[in-house]
Q: 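Once you've had a glance at the structure underneath, I'll fire off some questions.
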Amino acid sequence: MSASDTQSPLRLFWREFSENKFAVGSLVVVVLLAVVAFLAPLLVPQDPYNLELLSLLDARRPPGFVGSGGYVHVLGTDPQGRDLLSAIFYGLRISIIIGLAAGAIALVLGTIVGIFAAYAGGWIETVLMRVIDLQLSFPAILLALVLVALLGQGKGQLIAALVAAQYAYFARTAYGAAKAERRKDYVEAALATPLAGYKVAVRHLLPNCMPPLIVVATVQIANAISLEATLSFLGLGLPVTEPSLGMLISNGFPYMMSGRYWISVFPGIALIILIVAINVVGDQIRDQFNPRLRK
Amino acid sequence: MLGFVIQRLIQASLVMAAMSVIVFVGVYAIGNPIEIIIPPEATQEIREATIRSLGLDLPLWKQYFIFVGNLTEGDFGRSFIYNLPVLELILGRLPATLELVLISVISATVGGVVLGIYAGYRPDSIIAKTIMAVSVLGFSVPSFWVGLILILTFAVNLGWLPAGGRGETVSLFGVQWSFLTFDGLSHIVLPALNLAFFKLAMMIRLARAGTRETMLTDTIKFARAAGISEGRILRRHLLKLISIPIITVFGLELGSTLAFAVVTETIFSWPGVGKLIIDSIAVLDRPVMVAYLILTALLFVLINLTVDLVFAFIDPRIRAKGA
């Protein structure tokens, strides 16, 4: 496709997207936070994992304090004497990685289950969708909580719990889209050819499921980040050696009562900005895919 | 109708059976309860005697049937930590959770419906836009963060309200309640606000969407043509027309609010069931975990069953499709 081809779907999509300045701003924020998270080691004054660099003399200092490292702690320090800005950048990194990993695995798993149910039909469809619906009637937080409790702590276990709590949303979405497509004549025609069934599913059903799945994926990544933060806040998320934003907030909670607000508040603000920005972008994409809102 | 009811009852029992297997395998088979119950310094004879007395030497399927047999008799075992029958422990904590959940859901529904109707009635006003912005925040901001901000603002900085605990309680029907004393009420305000925030956002959206749709219908046009005042139209006609989805969601949300109470109770040290389960997970008090999981599953299955049956009662099409 040539660059001058202004009718390409992606370009049309972007043109419509860019009309909403708030959504564009949010997208910029998301990209910026992602860049900050992945370049964290280059940007921060201190490696928050290196315990040798920490001094308890620097613990719980307010924003602007100049610590034993000789540099300004712009956002203050946490109970271990960590520079809070550095901890937040690293925490963002962990939160984003967990959110993306859980979202991606849930997307793939849910899509396979959903399309398979729509394609297979019969009792397989009934049983699979009944299980999915049942799972959707339980709140995701409860499922994740239970699974973390059963599986134990760790990055892998946490991602597994998040995937188990979220894949059903993808499965439901993929199923709905695939089911509608399955009934159409061209799919019947394709199935009548000697082409293998799974190829029809991948070539024809899958592409038609993508738009709604992208919308669900953005929302679910934000949800995964939020769920992870909640679990870590409750002390059921990642091990202490890998402080995500939720754990940073949790670490500062006991000190909030004595007025040392910054330990919890700044990581929290970073978390909120991330989640809200992803949700705004997701909302805009959903509106653009929604035919009922088309002018 | 009877066939439909029986079919749904069978389905619900199947779900509970599946849940009991999952919980049993998850809690008893994956982790080894022997390691927790028996101290490491115990002799070989004591180990074997304990294993036998707990029935842990039996094949797994036998253990499962004993487990289910005990459950159906209401015997959930004893808590390792509190050394109390688990059922007694949970029932003792239930009133605190119930009053918190009910106050939250009811206030979220009343507040959400009023704000939502306004936002749908005058969608272009600044107040409506503010209401919608708040509801967007309510959806995206994690509930534990809202709790922290509430504590920081109203308990730490302003010092108006207490940050944790139940406060003074009064005994009614042999149960302790907070909402009947002034001190208890002041303790319940912040956690209830916290728990209500997400529900409020949802109720606002439901009521707004319903209002916008209903205001365009002929019913409202005729009511206006008949000279009925706007206030009366909103109160008498609109409210009735938008109430069905709101009542449905109200019922469904009662269950999920119980689940979210876990987070709120932990933040505000509210001594309810949610706090109990988080504490039990932290110290691996398995009987409490099992009982909580089974009872929560039962609660959700019962809620879903009720919703299905009520809908089937109202709408004959569902009945025909389901049977």
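Convention: sequence-line order gives letters A, B, ...; per-chain numbering from 1. Side chains included, hydrogens not; waters and symmetry mates left out as well; all remaining heavy atoms used.
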Q: If you round to the nearest 0.5 Å, how far is CE of B/Met132 from CD1 of B/Ile204?
A: 7.0 Å
Q: Is there a donor-acceptor pair under 3.5 Å between the side chain of A/Thr126 and the backbone N or O of A/Gly122?
A: yes
Q: Can you check whether anything in residues 225-233 of chain A gets within less than 4.5 Å of chain B, heavy-atom wise, and list it by number?
A: A/Ser226, A/Ala229, A/Thr230, A/Phe233
Q: Would you check if the side chain of A/Thr218 reaches a backbone N or O of A/Val215 as a donor-acceptor pair within less than 3.5 Å?
A: yes
Q: So which of B/Val301, B/Val15, B/Ile303, B/Ile149 has the largest heavy-atom pair count under 4.5 angstrom toward chain A?
A: B/Val15
Q: Between B/Ile278 and chain A, with a heavy-atom cut-off of 4.5 Å, which part of the residue counts as in contact: side chain, backbone, both or neither?
A: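 Contact with chain A is through the side chain of B/Ile278 alone.
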Q: What pairs with A/Lys155 under salt bridge (Lys or Arg N to Asp or Glu O under 4.0 Å), at least two apart in sequence or on another chain?
A: A/Glu242
Q: Considering residues at least two apart in sequence or located in another chain, which fulfil the salt bridge (Lys or Arg N to Asp or Glu O under 4.0 Å) criterion with A/Arg172?
A: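 Counting only residues at least two positions away or on another chain, A/Arg172 forms a salt bridge (Lys or Arg N to Asp or Glu O under 4.0 Å) with A/Asp133.
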Q: Can you give me every donor-acceptor pair (side chain of residues 264-276 of chain A, partner residue at least two apart or in another chain, under 3.5 Å) with its distance?
A:
residue  : atom : partner  : partner atom : Å
A/Ser264 : OG   : A/Ile249 : O            : 2.7
A/Ser264 : OG   : A/Phe253 : N            : 3.1

Q: Would you sort out whether A/Phe17 and A/Val281 count as a side chain to side chain contact (heavy atoms under 4.5 Å, CB included), showing the intermediate values?
A: CA-CA 9 Å; A/Phe17 189 93; A/Val281 172; 4.1 Å; yes
